[in-house]
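Side chains included, hydrogens not; waters and symmetry mates left out as well; all remaining heavy atoms used. Letters A, B, ... mirror the listed sequences (proteins, then strands); counts begin at 1.
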Amino acid sequence: MEEGDEGIEKKAAGEIEEVAKKLNAERIVLYPYAHLSPKLAPPDVAVNVLKNLETVLNENYEVCRAPFGWYKSFVISCKGHPLSELSKEIRNENDKEESEALKAEKKTTYWYIMTPDGTLHAVDEFDYRNYPNLKKFVDYEISGTRAVKQIPPHVELMQKLELADYEPGSDSGNMRYYPKGKLIKALIEDFVEQKVLDFGAMEVETPIMYDFNHPSLKSYLNRFPARQYQVLSGKDKYFLRFAACFGQFLMMHDATFSYKQLPIHIYELAKYAFRREQKGELVGLRRLRAFTMPDMHTLAMDMEQAKSDFKKQYEMAIEVLKSFGLELGDYEVAIRFTREFYNENKEFIKSLVELVKRPVLIQMWDERFFYFVLKFEFNFVDNMDKAAALSTVQIDVENARRYEITYYDEKGDKKYPYILHCSPSGAVERVIYSMLEKAYRDSTKGIKPSFPVWLSPVQVRIIPVKDDFTGCAIQEMDAIKNSGFRVDIDDRDLSVSRKIRDAEKEWIPYIVVLGEKEKESGKLTVRIRGNGVKEMSREELINLLHRETAGFPKRKLPLPTMLSMRPKFRG
RNA sequence: GCCACCGUAGCUCAGCCGGUGGAGCGCCACCUUGGUAAGGUGGAGGUCGCGGGUUCGAUUCCCGCCGGUGGCUCCA
């Protein structure tokens, strides 16, 4: 008996009877034998199957069942027909049961485009002329149109810029991040954390692996289509979390709170969330098996409170994406809900569409198949016409009950709250993917690709014209660095134009060339990315940097400040 | 997971029909001390993804595996 063999007795009995008939056998011995197998089923399952098998076979045969758990010792003598010595393996075929969620996907859904005035248009009648990306998104969602064969631009960029790379030593979809990529990730994480703390969330940390057999988790797992990574702790089986829901729900199950404290927000940076996606789906940073997901949950008293928080989080998500240089229009909005929710909240839905001032994709279900009644996502459409979800918020009407999460109302009675799931930015890796894809799109339009200054790994590069000016360069560097910015010096033995070329290839926003002229004038010659060369004082440059990065987190340069001291991580 | 293509130096790639491998960039050394997108010369560097098979002989042909990419499917 191995895992997944439950309920196999009928099939096994059929096979056994068939052989017994050929041999004209009258008696059958059932002998339990735990053969060498890496995934034996638990003993109680095996005993149960054996007993059932005995009952079934008893109808036509004389059956003798040896006790379970005795040490294996037996002698078999064979004579006669070759069939008298035979080994067979009988397995359950349908161990790939479709999850509830997968089945649900296949049921009836309705697609529309909603314009800011609240009108629903049929998807195939809407005029997409001014919204080519919406058209691509709709095609992607509904029919799955695909583009030409090409390596996605962001993959080449993530490698060239030494941000991230494939790691052949790990499972597919688990990436390595070089110093610059690690820095960008950390800054995005810092930023989202800052945003949700300002929003009023409490940051927590929960385990990355959970018990398969925990009752609440078990039924929740069944609601999701993706497969999990499995982990063994001795003989015990755990799965790696695919979101931070589990830990936070279990935590709130044990917490005591009343309606006066609602809404309650808890936040965790799920690092990592694991989803064992199909291999063919893994591409660069778009789709990973291990990724970093900011995950906030909100406990709301009633639907009114849930809706009001939903809208605030919707607005927060717009603001968060904007900070990454992703403006309304750089991504497509999808809003999905049940028909019942829509009928009761038409004005609310309309207000969401009004906020983004553009048509959005609507998906409506007749029945609720998922745990949520309302959900939005912001989807980035890339250069291959593929869409990837970034920010999302959902109103969950199911899991408070499943996890027995309750609050006390005015009368002191226990009640189930609504739960909002929110990822203000979406997966951090996906944010980087979107920025790179957008930068590539810019470059095809003749715009210099770049990161927002606060995310640029190197914000200022100083290029001394000769070795003699290195001392000078160090002084300038220290001054700018002490103001909280990332500066380095290209002290390599190369021509000035060569060093500028390299700095441009790294997308550095401010390049300072330092030589005789600057030493005399006391001014800096600054090459501003995509904006020509300007002369300014050190203070002016620092003020400019302050303006560009106001309100954003800061981190130090995680690299040697002298370029000559820096290893190349790639080519 | 299925189908297709790809896998040659750290990187990007060339290598016709089987006869033990090349370029550019990078790296190292030397020369050059430069003014807004590549200064010059020389050198080191490769079990041709891994494992089998065919062959006197395989980077080259065949099979399997691993990895990447595209398509299908799918996404909390």
Side-chain angles (χ1 to χ4, degrees), chain A residues 96 98-99 101-102 104-106 140-141 143-152 155-156 159-160 162 165-173 220-221 223-228 241-246 270 273-284 286-289 291 293 295 336 370-372 375 377 379 384 386-389 392-394 396 399 421-423 426-427 430 448 461 463-470 490 492-506 508 511-518 525-529 532-534 564 567-571:
Chain A
K96 276 199 280 177
E98 242 183 334
S99 80
L102 269 182
E105 277 276 301
K106 292 180 182 157
Y140 182 83
E141 280 281 325
S143 53
T145 306
R146 287 303 183 277
V148 290
K149 189 170 180 167
Q150 185 200 343
I151 294 180
V155 174
E156 205 172 315
Q159 294 171 331
K160 270 197 183 147
E162 294 196 320
D165 216 330
Y166 296 111
E167 175 49 76
S170 183
D171 188 26
S172 315
Y220 189 36
L221 269 177
R223 294 290 269 165
F224 291 94
R227 283 179 235 161
Q228 275 69 55
R241 66 176 175 197
F242 49 78
C245 306
F246 312 101
F274 295 92
R275 298 178 189 183
R276 216 179 155 284
E277 304 288 5
Q278 295 188 108
K279 228 167 147 201
E281 273 305 305
L282 304 169
V283 204
R286 185 205 293 138
R287 192 88 174 265
L288 296 167
R289 282 184 173 170
F291 60 96
M293 188 170 62
D295 204 356
R336 306 169 203 257
F370 301 99
Y371 56 78
F372 55 83
K375 165 192 194 183
E377 306 128 39
N379 293 274
M384 315 277 297
K386 290 221 180 199
T392 180
V393 180
Q394 301 146 17
D396 173 351
N399 281 305
H421 301 238
C422 167
S423 190
R430 230 173 226 193
K448 278 198 179 182
R461 158 117 352 131
I463 298 178
V465 170
K466 297 195 264 191
D467 283 354
D468 316 4
F469 298 104
T470 305
D490 193 343
R492 295 173 304 169
D493 181 21
L494 296 168
S495 67
V496 171
S497 46
R498 172 55 196 274
K499 292 186 196 177
I500 285 168
R501 176 179 150 87
D502 285 354
E504 290 282 358
K505 276 166 55 181
E506 279 185 62
I508 294 172
I511 302 168
V512 177
V513 176
L514 208 61
E516 200 67 43
K517 205 174 87 189
E518 290 73 19
T525 310
V526 185
R527 183 176 166 126
I528 302 168
R529 186 162 182 78
V533 178
K534 289 199 174 100
S564 65
K568 276 210 163 48
F569 287 98
R570 208 186 145 87

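Listed by chain and residue number, A:Lys448, A:Arg527, A:Arg529 satisfy the salt bridge (Lys or Arg N to Asp or Glu O under 4.0 Å) test with A:Glu504 (two or more places apart in sequence, or in another chain). Every residue meeting the side chain to side chain contact (heavy atoms under 4.5 Å, CB included) condition with A:Lys279, not counting sequence neighbours, appears here in chain and number order: A:Ser172, A:Leu282, A:Arg289. The side-chain hydrogen bond (donor to acceptor under 3.5 Å, both in side chains) test applied to A:Glu506 returns A:Lys180, A:Arg461, not counting sequence neighbours. With sequence neighbours excluded, the residues forming a side chain to side chain contact (heavy atoms under 4.5 Å, CB included) with A:Gln159 are A:Val155, A:Asp165, A:Tyr166, A:Arg570, listed by chain and number. Applying the side chain to side chain contact (heavy atoms under 4.5 Å, CB included) rule to A:Ser497 yields the partners A:Ser495; only residues at least two apart in sequence or on another chain are considered. The side chain to side chain contact (heavy atoms under 4.5 Å, CB included) check on A:Ala389 picks up A:Glu377, A:Asn379, A:Arg430, with sequence neighbours excluded. With sequence neighbours excluded, no residue satisfies ring-ring contact (aromatic ring centres under 6.0 Å, His included) with A:Phe291.
A ring-centre distance under 6.0 Å is not found for A:His421 and A:Phe372.
A 3.5 Å limit on both hydrogen-bonding distances identifies no Watson-Crick or G-U partner for B:G57. Taking a pair to require two hydrogen-bonding distances under 3.5 Å in either a Watson-Crick or a G-U wobble arrangement, B:G1 pairs with B:C72. Pairing of B:G26, defined by two Watson-Crick or G-U wobble distances under 3.5 Å, is not identified with any nucleotide. Using Watson-Crick or G-U wobble geometry with both donor-acceptor distances under 3.5 Å, B:G51 finds its partner in B:C63. Across all strands shown, B:G18 forms no Watson-Crick or G-U wobble pair with both key distances under 3.5 Å. Across all strands shown, B:G34 forms no Watson-Crick or G-U wobble pair with both distances under 3.5 Å.
For the pair A:Arg276 CZ and B:G1 P, the interatomic distance rounds to 6 Å; values are reported in whole Å. Rounded to whole Å, the distance from CD on A:Gln159 to P on B:C11 is 10 Å.
Distance check: A:Asp493 CG to A:Lys499 NZ gives 7.5 Å after rounding to the nearest 0.5 Å. Going from atom CE of A:Met293 over to atom CG of A:Leu288 covers 12.5 Å, rounded to the nearest 0.5 Å.
Looking at A:Arg287, its side chain comes within 3.5 Å of the base of B:C74 through a donor and an acceptor atom.
When each of B:G1, B:G34, B:G71 is scored by its nearest atom to the side-chain atoms of A:Lys466, the top-ranked nucleotide is B:G34. Distance from the side chain of A:Lys568 is smallest for B:C27 among the nucleotides B:C27, B:G67, B:G34. Checked against B:G67, B:G71, B:C75, the side chain of A:Lys386 finds its nearest nucleotide in B:G71. Relative to the side chain of A:Val465, the nucleotides B:U33, B:C27, B:G35 differ in distance, and B:G35 lies closest.
If you check every strand for non-hydrogen atoms under 4.0 Å, A:Val283 touches sugar and phosphate atoms only. Contacts of A:Gly284 with the nucleic acid, taken as non-hydrogen atoms under 4.0 Å apart, involve only primed sugar atoms and P, OP1 or OP2. Residue-level contact check: A:Ile463 touches neither bases nor backbone, having no heavy atom under 4.0 Å from any strand. Base contact: A:Glu516 has a heavy atom under 4.0 Å from a base atom.
Mapping A:Phe569 and A:Arg289 onto RNA chain B by nearest heavy atom places A:Arg289 closer to the 5' end of the strand.
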Treat primed atoms plus P, OP1 and OP2 as sugar-phosphate and everything else as base, then score nucleotides 36-41 of chain B 5' to 3': B for base contact with protein heavy atoms under 4.0 Å, S for sugar-phosphate contact only, - for none. BBBS--
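When the P atom is used for both B:A9 and B:G49, the distance is 8 Å, rounded to whole Å. Spacing of P atoms, B:G7 relative to B:G34, comes out at 46 Å, to the nearest Å.
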Just the atom pairs and distances: protein N or O near nucleotides 42-46 of chain B's N or O, under 3.5 Å.
none

